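FYI, side chains are in, hydrogens and waters are out, and symmetry mates aren't considered; it's all heavy atoms of this structure. We're numbering straight along the sequence, starting at 1. Keep in mind that what you see is a predicted model, and the values were worked out from it rather than measured. As the structure lists them, so they are numbered: ligands from 1, and atoms in each ligand from 1.
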Amino acid sequence: MRQFNQFDISDVFNEINDPLFVIESEEIIFFNKFFKKHFQEIPFDWRSSITEKELVASLEEFFKTGIVPKNTFLKKVRPKELSSIKYEWSFTNLPSSYSEKFLIVRGHPLKFQSKAGELLARTREELQQSEEKYRTLVEESTEIIFSLSDTLEFYYISPNVKQFLGYEADEVIGTSFLHYLNPEDLDVFQSYGVEISDFLDENQYLEFRIKHKNGTFRVFSSNGRMVDEHEDKKPFYTGIARDITELKQAQKELFQAKERAEKDSLVKSQFLSMMSHEIRTPMNAVIGLTHLLMEENPREDQLENLKTLKFSAENLMSLINDLLDFSKIDAGKINLEQSQFDLRVLVNRIVHSYSFQAKEKGLKIRTDIDGEIPELLIGDSVRISQIINNLLSNAVKFTDIGQVRTVLQVVKATREFCEIKFSIEDTGIGIPEDKVESIFEAFTQASSDTTRKFGGTGLGLAIVKRLVELHGSEINVSTTLNQGSTFEFTLKFKSVEIKSKDQTEQQDYKEKSLKNVSILVAEDNLINQILIKKFLKNWHIGKLVMASDGQEAIEEFHKTNFDIILLDLQMPILGGLSVAKFIREDLDSGKNQVPILVLSAASHQEIKSEMLELSINDFIEKPFTPEVLYGKITEHLISKDLS
Ligand code: ADP
C-alpha cells in the first residue's frame with residue numbers, strides 16, 4: 001500500500017468498478033473500494049485465501065520468474081451478498097520499472113447472456129473442482145500411481161512416491177523401472193525371456209522389491225495393464241503399486257510361527273506315541289499275568305486283589321489309549337474304517353458291560369433300540385464303541401439315583417443308507433449352564449472337584465466330540481442341574497443286505513482248544529514269551545516253537561511246516577516285517593501262504609499299508625487279552641479241527 005500511495009495508482013484502482021486487489025510476494029497490500037464494499041473481507045496473507053493448488057504454484061512461480069498466472073476462479077474470495085454473478089479473476093503484473101514484483105488481481109463479473117454461457121462457466125468450474133479432487137486423490141492415495149513406456153521408463157509417477165521411497169517424482173520420471181528393482185527380482189524378470197510388453201500384458205499382478213532412496217528394499221505389489229497403442233502412439237503400461245513390506249513381514253512371522261507350532265506338535269505327538277509304546281509293553285505283562293493268575297484257581301482273598309489289580313491295569317491302559325487317541329485325532333491321523341458290523345449287538349454288549357457297575361450303584365440301565373435298524377451296517381465299530389463307551393461311563397459315573405438309558409432311533413432309512421439318532425440319557429448331577437461348552441474341550445471338567453470325587457482326565461468328551469465330527473456330525477447336550485443330562489448325535493451308515501451270519505459268536509461258549517495246531521512265535525521280550533507260552537499251553541497247543549529274534553524265526557520256518565506264525569514287529573537282528581517278507585517270498589507255495597499275525601504296540605493304522613503289501617493276515621494289538629489272542633488265532637485256522 002505504501003508504494004501505491006506514493007504513486008497514486010491506488011486512486012486509479014479505486015475508480016474501477018470491479019473487485020481488485022494487489023499481491024506483493026507474501027501479502028495482499030491493497031484492496032480497491034469496490035472490493036471493500038462488495039466483498040467479504042479476506043486476510044492480508046494471500047495463502048489463507050488462495051488455496052487452489054495449481055494457482056498457488058503459479059503465484060510462487062510469478063514471484064520467481066515473473067510469468068503471470070492464467071485466469072481462474074477463486075473459491076474463498078466471495079461477494080458479501082449472495083448473487084448469481086460469478087467472478088473470473090485475471091492477473092496482471094505492474095510495469096517492470098518497479099523493482100518489486102506486484103500482481104494485480106481483478107475480478108470480472110460473468111454476466112450470463114444465455115443458458116449456454118452459464119452452463120459453460122459452470123462446467124468449467126466443475127471441471128476445475130473435479131480436477132482438483134482427483135489430484136488430491138492421487139497425491140494422498142496410499143498407492144503409488146505410475147505409467148511406464150514400452151521400454152519401462154516412467155512416463156508418470158504420483159508425487160507420493162517420496163513418502164514411500166524417498167524420491168521426488170521429477171527424479172523418477174524418465175528413468176527406467178529396472179534401475180530400482182532388487183537384483184534378484186531383476187534376474188527373475190529377465191529369466192522369462194519374453195518381450196517386456198508381453199510379460200506385462202500377461203501378468204496383471206506382480207510382486208517385487210524396490211530400492212528406497214536410503215538403500216533399503218521395500219516390497220511392493222502392483223496391479224496394472226498395458227494400454228493399447230492408438231494411432232501413432234506406442235503402448236504403455238499403467239499401474240498402481242502398494243507398499244506391502246509390513247504385510248510381508250507379518251506373513252513371514254506368521255508362517256514361521258506356524259512352522260514352529262507344527263514342529264512342536266509333531267514332537268509332542270511323536271513323544272506321546274513313543275511313550276505309549278514304551279508303556280504298553282510292560283502293561284502287556286501286567287495285564288497278561290493278572291489274567292493268568294486269575295485262571296490258576298487263586299484263593300478267595302487273592303482273587304479280590306487280582307480283580308483290583310486287573311481293574312487298575314485296565315484303567316491305566318484306557319488312560320494311555322485315550323492320550324494316544326487324542327493326540328492322533330488332534331493331528332488328523334485317524335481315518336474311519338468301513339467294515340460291516342451289527343450295531344444292535346455292539347450297543348447291547350457295551351451297555352451290558354456297565355450293568356455290573358450300575359447295579360452296584362443301584363441304577364437301572366436300559367437300552368431302547370429301534371427295531372427298524374438294519375442288522376448289518378457299514379462303519380467304524382471301534383470308533384462307535386469308543387463314543388458310546390465314553391458317554392455311558394460318564395452317565396454311570398455322574399448318576400447316583402435313577403437310570404441311564406441308551407436310545408437308538410432311526411431318523412431316516414433308504415435302501416442304501418440309515419440315519420440313526422443316538423441318545424444317552426441319565427438322571428444324574430447335570431452340568432452347570434456356563435460349563436456346557438467347555439466340557440468338550442480337552443482336559444476340562446465341569447467342576448474343579450470332579451477329579452477328586454470321580455477321577456477322569458477330561459479327555460473323554462473331547463475325543464467323543466472329535467470322533468462324532470469325524471463322522472460329519474455333531475454332538476449336543478441338554479442338561480438340567482441335579483436332574484440329568486442327555487447327549488445326542490446322529491450318524492449316517494451305509495446298510496448292507498443280510499447274508500448268512502458266521503458262527504464266530506458261538507465260539508465263546510466252546511472250550512478253548514488248539515490241540516492239533518502248530519505255531520511258530522517270534523518274540524524277543526522274555527515276559528511276553530512266558531505269557532504267550534502259558535496261554536497257548538492252557539489251550540493245549542499241539543506244537544509250539546519259540547524264536548527270540550527274526551533270524552531264528554526264519555531258521556525255524558525252514559525246518560517245519562506251521563499252521564500259523566505270530567511275529568512281534570520289533571525284534572533284534574530282523575524285525576517282524578522283514579521276516580514276513582522273507583516268508584512270502586519263499587519258493588515253496590505250500591509254505592509261503594501260511595497265515596501270519598503280527599503283534600505290536602503300534603496302532604493298526606500305522607502299519608496298515610505294510611501289512612497289505614506283505615499279505616499279513618491280521619494284527620494283534622499289545623497288550624492283548626487271552627480272549628483276543630485265542631479269537632485271532634482261531635479266526636485264521638477256520639479249516640482246522642482244533643479239538
Ligand atoms: P472326565 O469324565 O474324564 O472328567 P470328560 O471329558 O468325559 O472327562 O467329561 C468332562 C466333564 O464333563 C466331566 O468331568 C464332568 O464334569 C462333565 N460331564 C460329562 N458327562 C457328564 C454327565 N453325564 N453328567 C454330568 N456331568 C458330566
> Taking 4.0 angstrom as the limit, do Asp370 and Lys421 come out as a salt bridge?
Replying inline: no

>> Suppose I only count heavy atoms of Ser485 and a 4.0 Å limit; which atoms of ligand 1 are within that range?
In response: 24 (N)

>> Evaluate Leu461 for polar contact with ligand 1, using N/O atom pairs at a separation under 3.5 Å.
In response: yes

> Testing Val411, Leu343, Thr490 for side-chain contact (heavy atoms from CB on, under 4.5 Å) with Ile420, which one passes?
Replying inline: Leu343

> Is it true that Glu469 and Lys465 have a side-chain N and a carboxylate O under 4.0 angstrom from each other?
Replying inline: yes

>> Check this for me, if you would: do Glu207 and Lys248 make a salt bridge, where the nitrogen-to-carboxylate-oxygen distance has to be below 4.0 angstrom?
In response: yes

> Strictly under 4.0 Å, does any heavy atom of Lys435 approach an atom of ligand 1?
Replying inline: no

> Can you tell which part of Leu391 has a heavy atom less than 4.0 Å from ligand 1: side chain, backbone, both or neither?
Replying inline: neither

>> Contact between ligand 1 and Gly430 is defined here as a heavy atom of the residue under 4.0 Å from a ligand atom; is it met?
In response: yes

>> As an exercise, identify every atom of ligand 1 less than 4.0 angstrom from a heavy atom of Phe487.
In response: 20 (N), 23 (N)

> At a non-hydrogen distance cut-off of under 4.0 Å, which region of Phe440 contacts ligand 1 (side chain, backbone, both, or neither)?
Replying inline: neither

>> So if I count the atoms of ligand 1 from 1 in the order they appear, which ones are less than 4.0 Å from some heavy atom of Asn394?
In response: 2 (O), 5 (P), 7 (O), 9 (O), 19 (C), 20 (N)

>> Quick check on contacts: which atoms of ligand 1 are under 4.0 angstrom from a heavy atom of Lys397?
In response: 1 (P), 2 (O)

> Could Asp586 and Lys591 be called an ion pair, given the rule that one side-chain N must be under 4.0 Å from one carboxylate O?
Replying inline: no

>> With a 4.0 Å cut-off on heavy atoms, is Ile431 in contact with ligand 1?
In response: yes

> Given Asn538 and Leu292, is the side chain to side chain contact (heavy atoms under 4.5 Å, CB included) satisfied, shown in steps?
Replying inline: CA-CA 9 Å; Asn538 278 354; Leu292 270 182; 3.7 Å; yes

> Of Leu536, Val521, Ile530, which meets side-chain contact (heavy atoms from CB on, under 4.5 Å) against Met546?
Replying inline: Val521

